[in-house]
Asker: 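What follows is a single structure, and I will ask about it in a moment.
Quick note: residue numbers are just sequence positions, from 1.
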Amino acid sequence: MSKTVNGFSKLTKLEKIDWLVLNFFKNDVKVKQILMQYWNSNPVLQDLHDDFIENTISNFYLPFGIAPNFVINDKDYTIPMVIEESSVVAAASLVAKFWSTRGGFKAEVISTKKVGQVHFMFEGTNIELEKYFSQKKAALLNATAAITQNMQKRGGGILDIELRDKTSELANYYQLYVTFETMDSMGANFINSCLEAIANEFENSAIQIVMSILSNYVPECLVHAEVSCKVEELYAENSELFAQKFVQAVQIANAEPHRAVTHNKGIMNGIDAVVIATGNDFRAIEAGAHAYAAKSGRYKSLTNASIENGIFKFWIEIPLALGTVGGLTKLHPLSKLSLKLLDNPSAKELMKIVAVAGLAQNFAAIRALTTTGIQKGHMKMHLTNIIKQLGASDEEKQYLIDYFEHKTITHNAVVEAYNKLVGDN
């Protein structure tokens with residue numbers, strides 16, 4: 001029996017669900033109930049969520065948490081985080097508290113330049129193309145005037161258009177490399193609209209436009225964040241030893257790509273959680289960050305650490321193309337609330353906050369790895385999830401939490417303890 005369908009997008013939400021349940025779940029009424037129980041009881045709010053994407057049938061909830069006690073450039077923050085992984089928010093909160101008594105985090109935006117490209121093919125000579133580009137450049141900028149006028153009023157717009165010869169990588173391939181300043185907007189729609197207008201103006205019988213699109217690799221939309229303190233202030237015991245191990249752990253991530261990927265994944269735990277909470281595009285941030293980690297031709301750590309003259313320093317430098325206006329930032333009620341929680345930051349301020357969240361997460365992970373090990377804290381946070389999966393009562397839950405207070409937590413150990421508890425009862 002075929003499970004393809006025509007005109008699916010024109011069906012109502014309930015009709016979509018009925019088709020899905022009939023064809024993939026043997027008409028199980030429980031499936032329909034699960035999907036509908038996640039609908040928002042407020043129909044206006046549900047309609048808003050339905051319009052975010054296509055073919056919406058329900059909402060998929062992620063936990064919305066907060067990490068207090070962050071001090072960034074001498075300003076106090078409580079940072080919103082949306083993530084499904086246990087221990088991330090707890091780790092961020094602990095690290096925030098730790099550094100709040102050691103001068104806090106320092107952060108600065110290095111640059112905010114964003115990139116778009118018009119990719120095209122040309123079989124003539126370089127001299128011909130360069131001459132044509134020189135003649136057309138003013139017209140290319142003028143072709144975007146209607147699109148850029150509002151952005152220019154806010155201090156942004158097109159910074160420059162360059163002709164780039166890429167024929168060494170691909171025969172007949174050239175591009176117009178366009179740089180932008182989009183102020184507090186992430187600017188994807190703005191950039192793409194400008195690029196398409198430029199491409200239409202530039203194309204002629206000898207130039208074949210292939211595509212016009214922004215790039216999520218933005219190595220000049222860069223932010224730096226750091227922490228530092230005296231080595232003896234870093235740990236209660238064996239500070240010099242553990243500080244050195246911390247630096248070595250970062251050096252290993254710079255030397256070994258297998259470690260670097262997991263190292264950077266931990267950084268993105270913190271970064272993505274804030275990016276999602278504020279209604280930004282975490283896939284774009286991920287892609288740009290990992291490309292930046294490989295800018296040397298070898299995939300490396302996004303963070304660095306050093307010990308000089310008795311001072312421990314830990315820092316991150318990462319590209320973050322973020323916005324605080326446009327998209328979901330002010331449309332999604334929780335994203336709007338997140339930005340208000342952060343005192344309605346500018347895009348530059350949000351870049352600093354997000355970079356700090358990533359640095360904090362990485363600090364927590366490396367400190368755990370080089371001291372007690374990563375699993376002790378992680379499994380402690382994961383314990384409640386295991387207990388819930390077992391269907392334990394409130395009394396049984398509390399017993400298991402107390403039981404594992406000073407014991408090694410594994411999934412099997414929790415299951416065995418629960419089965420013994422239930423059996424004894």
Asker: Does the side-chain hydrogen bond (donor to acceptor under 3.5 Å, both in side chains) test come out yes or no for Tyr235 and Glu240, once each step is laid out?
Answerer: CA-CA 8 Å; Tyr235 297 93; Glu240 290 188 14; over 6 Å; no
Asker: Any heavy-atom pair between the side chains of Asp74 and Lys106 that's under 4.5 Å?
Answerer: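 A side-chain contact exists here, since the closest heavy-atom pair is under 4.5 Å.
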Asker: For residues Asp343 and Tyr77, is any side-chain donor paired with an opposing acceptor at under 3.5 Å?
Answerer: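 No pair is found: no donor N or O on one side chain lies under 3.5 Å from an acceptor on the other.
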Asker: Is there side-chain contact between His263 and Thr303, with at least one heavy-atom pair below 4.5 Å?
Answerer: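 Side chain of His263 against side chain of Thr303, heavy atoms only: contact under 4.5 Å found.
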Asker: Drop me the distance from Cys221's SG to Met351's CE, to the nearest 0.5 angstrom.
Answerer: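 Cys221 SG to Met351 CE: 4.0 Å, rounded to 0.5 Å.
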Asker: For residues Val178 and Gln117, determine if any side-chain heavy atom of one lies less than 4.5 Å from a side-chain heavy atom of the other.
Answerer: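 SC-SC contact between Val178 and Gln117 ruled out.
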Asker: Regarding Lys32 and Asp18, does a basic nitrogen lie under 4.0 Å from an acidic carboxylate oxygen?
Answerer: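 Asp18 and Lys32: salt-bridged.
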Asker: Check this for me, if you would: do Glu181 and Lys113 make a salt bridge, where the nitrogen-to-carboxylate-oxygen distance has to be below 4.0 angstrom?
Answerer: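 Salt bridge between Glu181 and Lys113, a charged N being under 4.0 Å from a carboxylate O: no.
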Asker: For the pair Phe363 and Phe314, name the ring-plane relationship: parallel under 30°, tilted 30 to 60°, perpendicular over 60°.
Answerer: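 Phe363 and Phe314: tilted rings.
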Asker: When rounded to the nearest 0.5 angstrom, what is the spacing between CD1 in Ile147 and CG in Asn189?
Answerer: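 One gets 11.0 Å once the value is rounded to the nearest 0.5 Å.
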Asker: Please round to the nearest 0.5 Å and tell me the distance separating atom CG of Asn362 and atom CG of Leu302.
Answerer: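 Reported value, rounded in 0.5 Å steps: 8.5 Å.
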Asker: Does one side chain, of Gln175 or Tyr173, offer a donor that lies under 3.5 Å from an acceptor on the other?
Answerer: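 A donor-acceptor contact under 3.5 Å links the two side chains.
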Asker: Per the side chain to side chain donor-acceptor pair (under 3.5 Å) rule, which among Asp50, Asn55, Thr56 passes with Lys13?
Answerer: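 Testing Lys13 for a side chain to side chain donor-acceptor pair (under 3.5 Å) against Asp50, Asn55, Thr56 leaves exactly one candidate, Asp50.
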Asker: Taking the basic N atoms (NZ, or NE/NH1/NH2) and the acidic carboxylate oxygens, is any pair closer than 4.0 Å for Asp28 and Lys30?
Answerer: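 Looking at Lys30 together with Asp28, the answer is no, because their closest N to O distance does not fall below 4.0 Å.
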Asker: Can the ring centroids of Phe52 and His332 be said to lie less than 6.0 angstrom from one another?
Answerer: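 Ring centres of His332 and Phe52 closer than 6.0 Å.
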Asker: Could Lys230 and Phe312 be counted as a cation-pi pair, given that NZ or CZ must be under 6.0 Å from the ring centre and within 45° of the axis?
Answerer: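 No; the conditions do not both hold, so Lys230 does not lie above the ring face of Phe312.
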Asker: With a 6.0 Å cut-off on the ring centroids, do Tyr38 and Tyr61 count as close?
Answerer: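 Close enough - the centres of the two rings lie under 6.0 Å apart.
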Asker: With side-chain hydrogen bond (donor to acceptor under 3.5 Å, both in side chains) as the criterion, how do His119 and Tyr174 come out once you've worked through the C-alpha distance, each side chain's angles and the decisive distance to 0.1 Å?
Answerer: CA-CA 6 Å; His119 306 272; Tyr174 296 83; over 6 Å; no
Asker: Side-chain contact, heavy-atom cut-off 4.5 Å: Glu286 with Arg283?
Answerer: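 In short, these two side chains do not touch, never coming nearer than 4.5 Å.
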Asker: Please identify which of these residues, Ile276, Leu62, Val89, meets the side-chain contact (heavy atoms from CB on, under 4.5 Å) condition with Ile83.
Answerer: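 Testing Ile83 for a side-chain contact (heavy atoms from CB on, under 4.5 Å) against Ile276, Leu62, Val89 leaves exactly one candidate, Val89.
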Asker: Going by atom types only, do Asn344 and Glu349 share a side-chain donor-acceptor pair under 3.5 Å?
Answerer: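 Not at all, the side chains of Asn344 and Glu349 share no donor-acceptor pair under 3.5 Å.
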Asker: Whether Glu85 and Lys265 form a salt bridge (side-chain N of Lys/Arg under 4.0 Å from carboxylate O of Asp/Glu) is what I want to check.
Answerer: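 Here Lys265 pairs with Glu85 in a salt bridge, since their nearest N and O are under 4.0 Å apart.
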